[in-house]
Chemist: 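Quick one: the structure is below, and I'll ask about it shortly.
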Amino acid sequence: MTDQIARDETVVIGAGIVGLATAFHLATGGHRVRLVERGGVAEGASFGNAGAFAFTDILPLASPGILRKAPKWLLDPLGPLAIPPSYLPRIAPWLLRFWRASLPDRYRHSIEAQGNLMRLAARAMEAMVAEADLGGHVRRDGNLQLYESEAELAASQPGWDARAREGIVFEHVRGARLAELQPGLSPRFVAGTFTPHWQTVDDPYHFALALFRAVMARGAALTHGEVAAIEPCEGGVRLRLAGGETLEADRVVLAGGAWSRPLAAALGDAIPLETERGYNTTLPPGAFALNRQLTFGGHGFVVTPLSTGIRVGGAVELGGLKLPPNFKRSEAMLTKAAAFLPGLRTEGGKQWMGYRPSLPDSLPVIGTSGASPRVFYAFGHGHLGLTQSAATGRLVADLAAGRPPSIPLDPFRPDRF
């Protein structure tokens, strides 16, 4: 059965935050847009993430520093970084690319590319929030990263120096200033770094649904179904859905997050996409008087104030899409949070696990498929999907319109691996 769709329609595969932002930019630019979503709108990683516009987060996960920390972390199955032993053979090629990406010259290259993308992300998000009337969902109270010793702060300084070179504003704080920014911290934290331009949303799911409504108000359509194949054809692209339906469109954007890899591979594009499984617990509102998002970098998690409660989550588990969740990881972070924030009420929380689509160099794939200039890729943002969603949407809209992209796309090209 064929669902007759006008060939001037653009299909966006994936109604997560990146797909929604891309659909918004395309629809605003005059394209007829159809979203195709395998599950519910924004019910993947866009549902339960930490809710940050982390425009200052330009340091790749693949860094010389993390390679020094990784062996210690991997010895702790509930630590900031975990790889289930049964998954090691499968992920070994990805880990080799990750190691190569951490070499000094590639690390510097990734920081430069990430800095360019983040500057665009800040501008594009501000514009999208204004145009889609999403301002009521955004908090502008900054982020506070915390350290348990002066040595830990000193060890982080090269990263802050790199941010300074990118024009990022921050303030190292201690004593009364630290207590002012966040009362009630454990005295084990002797210093912090405040980034005032960091923003968060009231709740990432609510933000995504509001954006979805803005997309639909601009004439977009939604089809529920799982795409089984993308097939370039004469004058357009054909999509085959798992239920047997066929859709035809002028162009297609693959923004399927963690589920994008097999569809790209079937087109001949071998993109080493892996899955960072992120965990959290959302406590009821009032669980703690939290002024702003707190980052416990040495422990790999954040605590975020949301309209729906206090979210404690983060860490990285490289375990693919098929292994069952290990919610002991959520419990371990919550136990630490209770020690770090005396007075935190930990009862009544809801646990969650989501799949972050991750590439070895921490840069997303944004560009055209080698199989067809009518197929665009927009995935692999790791834990920065919300942050970089508006920028990705603008860049895809540039490509679809035949305009020069807003920033150089060579660092993000699909064939860079």
Side-chain angles (χ1 to χ4, degrees), residues 12-27 33 35-55 57 121 124-125 128-129 132 134 136-139 199-216 220 222-227 253-261 273-282 293 302 304 306-309 311 313-316 321 325 350-359 364-366 377-394 396:
V12 178
I13 302 172
I17 192 63
V18 172
L20 291 171
T22 300
F24 178 84
H25 281 84
L26 289 168
V33 176
L35 289 156
V36 178
E37 171 55 47
R38 63 192 299 276
V41 171
E43 290 186 355
S46 301
F47 179 87
N49 63 67
F53 295 157
F55 302 130
D57 195 0
M125 183 61 75
M128 187 176 77
V129 164
L134 303 177
H137 294 275
V138 180
R139 299 178 52 143
Q199 301 171 27
T200 55
V201 296
D202 62 340
D203 181 277
Y205 182 54
H206 294 173
F207 180 84
L209 289 183
L211 180 58
F212 171 67
R213 291 191 290 270
V215 170
M216 299 303 283
L222 173 66
T223 294
H224 288 285
E226 182 175 359
V227 176
V253 182
L254 177 54
W259 288 267
S260 300
R261 180 176 179 172
L273 187 71
E274 256 304 331
T275 304
E276 291 181 37
R277 295 147 56 97
Y279 292 84
N280 68 44
T281 303
T282 302
Q293 187 180 71
V302 302
T304 310
L306 303 175
S307 61
T308 48
R311 181 159 293 165
V316 173
L321 293 167
K350 295 181 180 179
Q351 296 177 327
W352 177 86
M353 189 271 284
Y355 302 99
R356 311 182 192 113
S358 181
L359 289 159
V365 164
I366 305 171
Y377 292 151
F379 60 84
H381 297 76
H383 62 279
L384 296 170
L386 174 60
T387 301
Q388 297 176 342
S389 57
T392 301
R394 180 179 291 185
V396 171

Chemist: Are any non-hydrogen side-chain atoms of H383 and N49 less than 4.5 angstrom apart?
Modeler: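 Counting from C-beta outward, H383 and N49 never come under 4.5 Å.
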Chemist: Is there a ring pair (Phe, Tyr, Trp, His ring centres under 6.0 Å) between Y355 and W259 once you walk through the steps?
Modeler: CA-CA 9 Å; Y355 302 99; W259 288 267; 5.5 Å; yes
Chemist: Are the side chains of V227 and V36 in contact, using a 4.5 Å heavy-atom criterion?
Modeler: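 They are in side-chain contact.
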Chemist: Ring pair (Phe, Tyr, Trp, His ring centres under 6.0 Å) with F212: which residues, sequence neighbours excluded?
Modeler: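 F212 satisfies ring pair (Phe, Tyr, Trp, His ring centres under 6.0 Å) with no other residue.
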Chemist: Which atoms form the tightest heavy-atom contact between A132 and L211, and what is the distance?
Modeler: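 Result for this residue pair: CB-CD1, 4.4 Å.
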Chemist: For the atom pair CD (E43) and CZ (R38), what is the distance rounded to the nearest 0.5 Å?
Modeler: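 It comes to 11.5 Å.
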Chemist: For residues R213 and V215, determine if any side-chain heavy atom of one lies less than 4.5 Å from a side-chain heavy atom of the other.
Modeler: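 No. Closest side-chain heavy atoms not under 4.5 Å.
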Chemist: What I'd like to find out is whether the side chain of L306 reaches to under 4.5 Å of the side chain of D202, using heavy atoms alone.
Modeler: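 A side-chain contact is absent here, since even the closest heavy-atom pair is not under 4.5 Å.
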Chemist: To the nearest 0.5 Å, how far apart are CZ in R261 and CD in E274?
Modeler: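 Going from the CZ atom of R261 to the CD atom of E274 covers 6.5 Å.
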Chemist: Within this structure, what is the CZ-OG distance for the pair F207 and S307, rounded to the nearest 0.5 Å?
Modeler: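 It is 13.0 Å, given to the nearest 0.5 Å.
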Chemist: Answer yes or no: is there a side-chain heavy-atom contact under 4.5 Å between L26 and V253?
Modeler: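 L26 reaches V253 side chain to side chain.
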Chemist: Does a side chain donor of either T304 or R311 reach within less than 3.5 Å of an acceptor in the other side chain?
Modeler: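 There is no such pair between these side chains.
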Chemist: Looking at every heavy atom in both V41 and E37, which two are closest together, and how far apart are they?
Modeler: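 Shortest heavy-atom separation between V41 and E37 comes out as N-CG, 4.3 Å.
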Chemist: Are M128 and H25 close enough, and set up right, to give a side-chain contact (heavy atoms from CB on, under 4.5 Å), and what steps lead you there?
Modeler: CA-CA 8 Å; M128 187 176 77; H25 281 84; 3.9 Å; yes
Chemist: So do T275 and R356 actually touch side chain to side chain, heavy atoms under 4.5 Å?
Modeler: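 No; the side chains remain at least 4.5 Å from each other.
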Chemist: Would you name the heavy atoms of M125 and L386 that are closest together and state the gap between them?
Modeler: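 Minimum heavy-atom contact is CE-O, 3.3 Å.
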Chemist: Please report the shortest heavy-atom distance between A378 and V396, naming the atom on each side.
Modeler: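 Heavy atoms only, the tightest pair is CB-CG2, 4.0 Å.
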Chemist: Taking C-beta and beyond as the side chain, do T281 and W352 meet within less than 4.5 Å on heavy atoms?
Modeler: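 Sidechains of W352 and T281: no contact.
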Chemist: Assign the ring pair Y205 / F47 to parallel, tilted or perpendicular, where the plane angle (0 to 90°) is split at 30° and 60°.
Modeler: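 Geometry flag for F47 against Y205: tilted rings.
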Chemist: For S260 and A255, which heavy atoms make the closest approach, and how far apart are they?
Modeler: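 Closest approach of S260 to A255, heavy atoms only: OG-C, 4.2 Å.
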Chemist: Can you tell me how far apart CD1 (I17) and CZ (F24) are? Round to the nearest 0.5 Å.
Modeler: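 Here the interatomic distance stands at 11.0 Å.
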Chemist: Can you check side-chain contact (heavy atoms from CB on, under 4.5 Å) on L20 and L35, steps first, answer last?
Modeler: CA-CA 8 Å; L20 291 171; L35 289 156; 3.9 Å; yes
Chemist: Side chains of T308 and D203: any donor to acceptor distance under 3.5 Å?
Modeler: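 Judged by distance alone, the side chains do pair up.
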Chemist: Can you list everything that forms a side chain to side chain contact (heavy atoms under 4.5 Å, CB included) with S358? Sequence neighbours excluded, please.
Modeler: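 W94, E276.
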Chemist: Between CE of M353 and CG of N280, what distance do you get to the nearest 0.5 Å?
Modeler: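 CG of N280 is found 11.0 Å from CE of M353.
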Chemist: If you look at every heavy atom in H206 and H137, which pair is closest and at what distance?
Modeler: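 Where H206 meets H137 most closely, the heavy atoms are O-CE1, 4.0 Å.
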Chemist: Answer yes or no: is there a side-chain heavy-atom contact under 4.5 Å between F379 and V18?
Modeler: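 No. Closest side-chain heavy atoms not under 4.5 Å.
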Chemist: Taking only residues two or more places apart in sequence, or in another chain, which ones meet T387 in a side chain to side chain contact (heavy atoms under 4.5 Å, CB included)?
Modeler: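 By the side chain to side chain contact (heavy atoms under 4.5 Å, CB included) rule, T387 matches A54, F55, M118, L384.
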